[in-house]
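Everything below concerns the one structure shown next.
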Amino acid sequence: MYQPIAIAPSILSADFMNMERSIRTIEEGGAGFVHVDVMDGHFVPNLTMGVPLVKQLKKTCDLPLDVHLMIDNPLVELPWFLDAQPDLVTVHAEALSSVDLARAVAQIHEAGSRAAVALKPKTPVDVVAPLIESLDMVLVMSVEPGFSGQKYIVGSDGRVAAVAALAKEANPDLLIEVDGGIGVATAPLVCAAGADVLVCGSAVFGADDPAQAVRDVKAAGDAARTRALGER
Ligand code: DX5
Ligand code: ZN
């Protein structure tokens with residue numbers, strides 16, 4: 001069912017010395033989530049933020065937290081993050097066996113959070129098929145995870161469409177999030193393909209007016225989504 005696009009600005013691109021100001025700016029712009037990129041230096045070649053920051057964000061933010069775990073040992077570390085009660089927690093399919101992936105999703109739900117599985121650009125989308133009914137969201141990476149400011153990988157919208165096709169019968173309420181290189185130019189492509197939530201790092205926090213950038217990307221995505229649904 002159509003619902004307006006939600007923007008999830010990634011604070012990896014925000015000013016770490018003025019984090020609260022950055023959060024207020026995106027709240028003012030009408031963001032739907034705060035996207036928190038947790039990287040452990042092993043699963044991806046970068047080290048970013050962890051549990052203490054997630055706990056402080058939880059206290060400070062009015063927006064729901066969307067925690068994207070790019071870590072090697074989600075089953076070990078999930079309880080630490082769940083203790084902060086984020087709204088949504090995403091684990092990577094590549095970090096876990098299929099049995100452990102289902103365990104991680106169950107663990108997230110038991111803690112009262114929504115659960116998502118992320119797919120790196122080269123991971124077949126079919127890996128989410130066995131558990132799609134139990135998921136709240138699938139995150140389609142449109143860059144190799146690790147760094148903000150990368151270029152959108154052409155063809156990622158096709159992967160969004162493939163996830164949307166899988167979800168059509170099995171889980172029509174499933175949200176599809178896209179992460180990497182999303183801005184006003186790429187939002188229309190992925191939203192026409194079925195994306196509901198757009199992660200934006202540099203397109204929002206690298207803009208002169210981040211609140212306006214949130215509005216602009218959302219408007220570009222909503223227009224494309226409405227147009228695509230009209231054409232079907
Ligand atoms: C990449 C992260 C992204 C990234 C997005 O591994 O998961 O969330 O920060 O940044 P942009 O929008 O600049 O590609
Ligand atoms: Zn992310």
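We count ligands from 1, going down the list as the structure has it; atoms in each ligand are counted the same way. None of these values were measured; they are calculated from a predicted model.
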Would you please say whether a donor-acceptor pair under 3.5 Å links the side chains of [X] and [Y]?
X	Y	answer
Asp37	Ser10	yes
His35	Asp179	yes
Asp66	His68	no

Item to check | Atom CD of Glu133: over 12 foreign heavy atoms under 6.0 Å | outcome: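 Atom CD in Glu133 is not crowded, with 12 or fewer foreign heavy atoms closer than 6.0 Å.
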Item to check | Side-chain ion pair, Asp87 and Arg114, N-O less than 4.0 Å | outcome: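 Here Asp87 pairs with Arg114 in a salt bridge, since their nearest N and O are under 4.0 Å apart.
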Checklist entry - Between Glu20 and Arg24, is there a salt bridge with N-O shorter than 4.0 Å? => result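 Here Arg24 pairs with Glu20 in a salt bridge, since their nearest N and O are under 4.0 Å apart.
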Next on the checklist: Could you enumerate the protein N, O or S atoms under 2.8 Å from the Zn ion (ligand 2), written like residue then atom name?
Outcome noted: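 The answer, once waters are left aside, is His35 NE2, Asp37 OD1, His68 ND1, Asp179 OD2.
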Next on the checklist: Using a 3.5 Å distance criterion without hydrogens, assess whether the side chain of Asp222 forms a donor-acceptor pair with backbone atoms of Ile5.
Outcome noted: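 At least one qualifying donor-acceptor pair exists.
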Next on the checklist: For the backbone of Phe43 and the side chain of Asp40, can you confirm whether one donor and one acceptor N or O come within less than 3.5 Å of each other?
Outcome noted: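 A pair under 3.5 Å: yes.
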Next on the checklist: Give the residues near ligand 1 by chain and number, with the criterion being a heavy-atom distance under 4.0 Å.
Outcome noted: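 These residues qualify: Ser10, Leu12, His35, Asp37, Met39, His68, Met70, Met141, Pro145, Gly146, Phe147, Ser148, Gly149, Asp179, Gly180, Gly181, Val199, Cys200, Gly201, Ser202.
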Next on the checklist: On the six-membered ring of Phe81, is Lys55 placed so that its NZ or CZ lies under 6.0 angstrom from the centre and within 45° of the ring axis?
Outcome noted: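 Judged by the rule (NZ or CZ under 6.0 Å from the ring centre, within 45° of its axis), Lys55 is not positioned above Phe81.
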